[in-house]
*Asks:* 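I'd like to ask you about the structure that follows.
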Amino acid sequence: MKRLFQFITAGVLLLTAGFAPVFADQNCKPVDGHFEANVVPPGQGHCPSDPGAFCTAGRVWGGIQGNYQFVMTGAFPSAAIGGVPTILFFTGKSTIFLKSGDQLLGTDTGSIDLPPGLGGFASLITFDGGTGNMNGATGQIRLRGEFDAAEATTSGDYIGTLCTP
């Protein structure tokens with residue numbers, strides 16, 4: 001048993017030592033702020049011409065500042081697994097065009113309550129790179145907000161961490 005403990009401890013130390021330079025090179029900072037966007041119809045702007053496409057474009061301000069675009073790449077009704085009939089689970093790609101001119105890229109996963117539901121949504125964007133100073137960026141932000149189907153808008157706030165090399 002003592003030998004097993006020593007082996008596990010040595011393995012953890014080796015793994016920690018192997019990852020330390022990766023984390024040491026990252027500059028992580030907490031970010032929080034707000035967002036607002038409009039639904040972009042299929043075939044317009046950055047939205048694919050697929051009639052079933054769901055896209056938004058808008059702005060973010062606070063710890064991250066700029067304009068952003070979202071394209072849904074997949075969806076699954078929560079009712080299919082015993083959930084609320086109006087809620088849809090989704091995934092997609094987000095691009096934030098920062099005021100600096102750099103881009104921040106992320107994968108967006110979440111849920112949205114569609115009409116005739118109440119319109120709430122929650123999402124997690126996991127950053128996976130970008131351009132310029134955002135090349136190699138990591139981190140996550142959590143979004144919560146409202147979807148107003150009548151106005152074709154989303155709005156809310158975000159909080160999380162952005163790490164840059």
*Asks:* Report yes or no: does Thr131 contribute a side-chain atom to a donor-acceptor pair with the main-chain N or O of Gln103 at less than 3.5 Å?
*Replies:* yes
*Asks:* Measure the CG-OG1 distance between Asn133 and Thr164 for me, rounded to the nearest 0.5 Å.
*Replies:* 7.5 Å
*Asks:* How far apart are the closest heavy atoms of Pro85 and Ala79, and which atoms are they?
*Replies:* CA-CB, 3.9 Å
*Asks:* Taking all non-hydrogen atoms of both residues, which atom of Ala53 and which atom of Pro48 are closest, and how far apart?
*Replies:* CB-O, 3.8 Å
*Asks:* Consider only side-chain heavy atoms of I, L, V, M, F, W and Y, link residues closer than 4.5 Å, and tell whether Phe97 and Leu105 are in one cluster.
*Replies:* no
*Asks:* Rounded to the nearest 0.5 Å, what's the gap from CG on Leu104 to CD1 on Ile64? Could you check?
*Replies:* 6.0 Å
*Asks:* With rounding to the nearest 0.5 angstrom, report the CZ to OG distance, Arg142 to Ser123.
*Replies:* 11.5 Å
*Asks:* With a 4.5 Å cut-off on side-chain heavy-atom distances among I, L, V, M, F, W and Y, is there a chain of contacts connecting Leu124 to Phe35?
*Replies:* no
*Asks:* Nearest 0.5 angstrom please: Phe121 CZ to Glu146 CD, how far?
*Replies:* 8.5 Å
*Asks:* Could you check whether the rings of Phe90 and Phe70 sit parallel, tilted or perpendicular, using 30° and 60° as the cut-offs?
*Replies:* perpendicular
*Asks:* When rounded to the nearest 0.5 angstrom, what is the spacing between CD in Gln140 and CD1 in Ile125?
*Replies:* 10.0 Å
*Asks:* With the 4.5 Å side-chain cut-off for hydrophobic clustering, are Val39 and Ile87 part of the same group?
*Replies:* no
*Asks:* Classify the side-chain pair Thr86/Asp113 by whether it contains a donor and acceptor separated by less than 3.5 Å.
*Replies:* yes
*Asks:* Checking the side chain of Asp148 only, and the main-chain atoms of Thr153 only, is there a donor and an acceptor separated by less than 3.5 Å?
*Replies:* no
*Asks:* I want to check something: taking the side chain as every heavy atom from C-beta on, are Thr107 and Asp128 in contact at a cut-off of under 4.5 Å?
*Replies:* yes
*Asks:* Calculate, to the nearest 0.5 Å, the distance between atoms CD1 and CD belonging to Ile96 and Gln69 respectively.
*Replies:* 11.0 Å
*Asks:* Quick one about Thr73 and Lys93 (side-chain donor to acceptor, distance below 3.5 Å, no hydrogens or angles considered), yes or no?
*Replies:* no
